There are 2 protein chains.
Amino acid sequence: MSTGPTALPAAARRRPPRDEVRRALLDAAARTFARQGIDGASLDDVAAAAGFTKGAVYSNFGSKEGLVAALVDDRVSAYLDLGLAAVDDPAATLPERARALGDRLTAASDEQHDWHLLFLELWQRAVRTGRTDDSFVRRHGELRAAVAEAVAAHAEQAGAELPLPAASVATLLLALSNGLAIERMTDPAAVPDDLMGRVLALLVGGGTGPDQR
Amino acid sequence: MSTGPTALPAAARRRPPRDEVRRALLDAAARTFARQGIDGASLDDVAAAAGFTKGAVYSNFGSKEGLVAALVDDRVSAYLDLGLAAVDDPAATLPERARALGDRLTAASDEQHDWHLLFLELWQRAVRTGRTDDSFVRRHGELRAAVAEAVAAHAEQAGAELPLPAASVATLLLALSNGLAIERMTDPAAVPDDLMGRVLALLVGGGTGPDQR
DNA sequence: GGTATCGGATACCGCCCGGTATCCGCCCCC
DNA sequence: GGGGGCGGATACCGGGCGGTATCCGATACC
């Protein structure tokens with residue numbers, strides 16, 4: 001995977017556009033940091049994973065901290081978009097949508113181990129620094145607000161009465177997404193595929209009926 | 001806090017019993033690792049927090065990895081006991097118990113930031129090594145099984161029909177405990193005090209009625 | 001096509017940490 | 001109460017990492 005420039009026979013070497021280098025470094029950082037930990041991965045590791053050297057990192061991001069900051073911006077934004085897109089399916093009833101969203105998020109947690117690992121690491125950093133204006137925390141708050149808004153809109157559109165405030169539902173959705181991913185990564189058998197969907201349906205007042213899907 | 005032996009005026013120095021040293025080191029490790037990260041904290045840091053030096057750590061645990069392993073054993077066992085004790089209140093109805101448990105777990109998450117931080121770090125290590133027989137993973141599985149058993153017993157005793165299998169309820173309980181603690185640590189306002197209790201009540205079929213407590 | 005510039009490569013520095021070898025003094029037991 | 005052994009303290013080593021100064025070559029512009 002990821003054939004860097006140095007993979008070529010040292011002959012026809014082309015210098016890739018700067019944006020391309022940036023992207024490659026960010027992607028490599030996401031993978032490498034997720035797998036080895038932010039502190040556990042050296043800049044040499046990250047750069048090598050992208051097919052470059054440390055020099056490229058310092059040229060583009062100034063420092064390791066700068067790389068992490070850029071990564072937060074890049075990835076949390078992407079996650080927010082993904083989350084909103086997943087909810088924007090204007091079909092079917094509210095519980096049905098809840099179940100569909102749950103299934104999709106469950107599947108995503110299987111495919112995106114890296115993202116959850118990275119998310120938790122960024123969260124840890126934010127908590128440890130104690131800075132409430134941490135950019136990761138801020139972006140995460142935006143995500144929660146966006147989800148809450150979406151939940152409220154869908155409920156109103158369906159004319160349904162939520163058993164809990166929309167804001168709480170949003171919080172629970174995020175908490176379950178993380179919490180269940182955690183359980184599933186260490187013991188997949190403990191988290192049935194449809195569990196997330198069932199609970200989400202419960203949260204919007206739809207019951208869980210053994211198999212009414 | 002934690003007045004180590006060296007705090008004395010260098011005169012009346014007594015050698016503490018070995019078990020005492022072990023305990024002090026384990027406690028200091030839990031605090032220090034939680035706050036600075038397992039890799040971020042040096043053995044000097046840990047030993048100093050307990051009022052000793054690195055030599056004591058190597059004498060008692062052989063290596064940093066040995067200290068971490070001992071910590072896993074120590075802390076996960078304690079957590080399992082705490083969890084079981086919290087559920088063993090033979091009073092009131094099932095939803096009432098669920099709400100009480102939720103309140104208690106929420107309060108605990110406020111007081112035990114360190115434990116959640118440490119838990120997540122240990123979990124990350126287990127996931128990254130990929131060892132399914134990791135002792136942390138095994139102990140966590142035991143915890144889940146114990147919770148599932150307790151849930152089933154309580155439900156049967158109350159003659160209630162659970163909307164989800166007891167095992168799933170147990171998984172959800174753990175997931176919510178972690179997930180909500182995560183949300184609460186970065187933004188306390190986003191997680192109302194009674195949210196956990198309400199959801200747990202929902203999970204055991206008790207509804208959430210705005211304030212029937 | 002020649003040249004100036006910018007960006008990534010390379011070599012190097014200093015710090016810090018895990019680990020180890022060794023030392024020293026408090027406990028325990030006879 | 002005296003001596004031996006154990007347990008913690010101390011000093012030191014080696015490796016690895018973030019960061020930096022410098023080099024070199026490709027790109028783009030005239």
Side-chain angles (χ1 to χ4, degrees), chain A residues 2-29 32-33 35-71 121 125 129, chain B residues 2-29 32-33 35-71 121 125 129:
Chain A
S2 91
T3 54
T6 50
L8 297 181
R13 295 244 299 271
R14 279 241 322 262
R15 181 195 289 250
R18 191 160 174 78
D19 286 354
E20 218 169 275
V21 175
R22 227 184 121 88
R23 263 260 64 83
L25 285 174
L26 281 175
D27 291 343
T32 311
F33 284 162
R35 295 212 248 267
Q36 307 182 31
I38 295 179
D39 291 315
S42 71
L43 290 183
D44 282 326
D45 291 338
V46 172
F52 296 94
T53 66
K54 215 166 35 165
V57 175
Y58 278 95
S59 172
N60 279 280
F61 302 100
S63 69
K64 187 174 189 176
E65 206 50 49
L67 173 62
V68 172
L71 189 59
E121 184 118 21
R125 293 197 142 216
T129 59
Chain B
S2 93
T3 54
T6 50
L8 297 180
R13 294 245 300 270
R14 279 242 321 263
R15 181 196 286 251
R18 192 161 173 78
D19 286 355
E20 220 168 273
V21 176
R22 228 185 119 88
R23 261 260 65 79
L25 286 174
L26 280 175
D27 291 343
T32 311
F33 284 162
R35 294 212 248 267
Q36 307 182 29
I38 295 180
D39 291 315
S42 71
L43 290 183
D44 281 327
D45 292 338
V46 172
F52 296 95
T53 64
K54 213 167 39 165
V57 175
Y58 278 95
S59 172
N60 279 280
F61 302 100
S63 70
K64 187 174 190 176
E65 206 50 49
L67 173 62
V68 172
L71 190 60
E121 183 119 22
R125 292 198 143 217
T129 60

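What you are looking at is a predicted structure, and each value in this text was computed from that prediction instead of being measured. In what follows, chains carry the letters A, B, and so on, assigned in the order in which the sequence lines appear, proteins first and then strands, with residues in each chain numbered from 1.
For the pair A/R125 and A/D39, the salt-bridge criterion is met [side-chain N within less than 4.0 Å of a carboxylate O]. Of the charged side-chain nitrogens involved, none lies within less than 4.0 Å of a carboxylate oxygen, so that B/D19 and B/R23 do not count as a salt-bridged pair.
In this structure, CZ in B/F52 is found 15.0 Å from CG in B/L43, a value given to the nearest 0.5 Å.
For B/L43, whose side chain is taken as the heavy atoms from C-beta onward, the closest listed nucleotide among C/dG19, D/dG19, D/dG8 is C/dG19. Comparing D/dA9, D/dG19, C/dG7 against the side chain of A/S59 picks out C/dG7 as the nearest.
Between A/I38 and A/K64, the closest heavy-atom pair is O-NZ, 2.8 Å. For the pair B/F33 and B/E121, the tightest heavy-atom approach, listed with the atom from each and the gap, is O-OE1, 4.2 Å.
Residue A/L67 contributes atom CG, which lies 11 Å from atom P of D/dG19 at whole-angstrom precision. Rounded to whole angstrom, the span from the CG atom of B/D39 across to the C1' atom of C/dG18 amounts to 11 Å. Going from atom CD of A/E20 over to atom C1' of C/dG7 covers 14 Å, rounded to whole Å. Remark: P of D/dG8 and CG of B/D44 are 16 Å apart, rounded to the nearest angstrom. Across the protein-nucleic acid pair, A/E65 atom CD and D/dG18 atom P stand 11 Å apart, rounded to whole Å. Between A/R23 atom CZ and C/dG7 atom C1' the separation is 19 Å, expressed in whole Å. A straight line from NZ of B/K64 to P of D/dG15 spans 19 Å, rounded to a whole angstrom. The distance between atom CD1 of A/I38 and atom C1' of D/dG18, rounded to the nearest whole Å, is 15 Å.
Remark: A/N60 is in phosphate contact with C/dG8, judged by side-chain N or O atoms under 4.0 Å from OP1 or OP2.
Contact annotation for B/S42: backbone-only contact, meaning every heavy-atom pair under 4.0 Å involves sugar-phosphate atoms and none involves a base.
Map A/A41 and B/A56 each onto its nearest nucleotide of DNA chain D; the residue landing nearer the 5' end is B/A56.
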Close N or O pairs between protein and nucleotides 20-25 of chain C (under 3.5 Å):
| residue | atom | partner | partner atom | Å |
| --- | --- | --- | --- | --- |
| C/dG25 | N2 | B/R15 | NH2 | 2.7 |

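For residues 49-58 of chain A, there are no side-chain hydrogen bond (donor to acceptor under 3.5 Å, both in side chains) pairs, not counting sequence neighbours.
Checked against side-chain hydrogen bond (donor to acceptor under 3.5 Å, both in side chains), B/D44 has no partners two or more places apart in sequence or in another chain.
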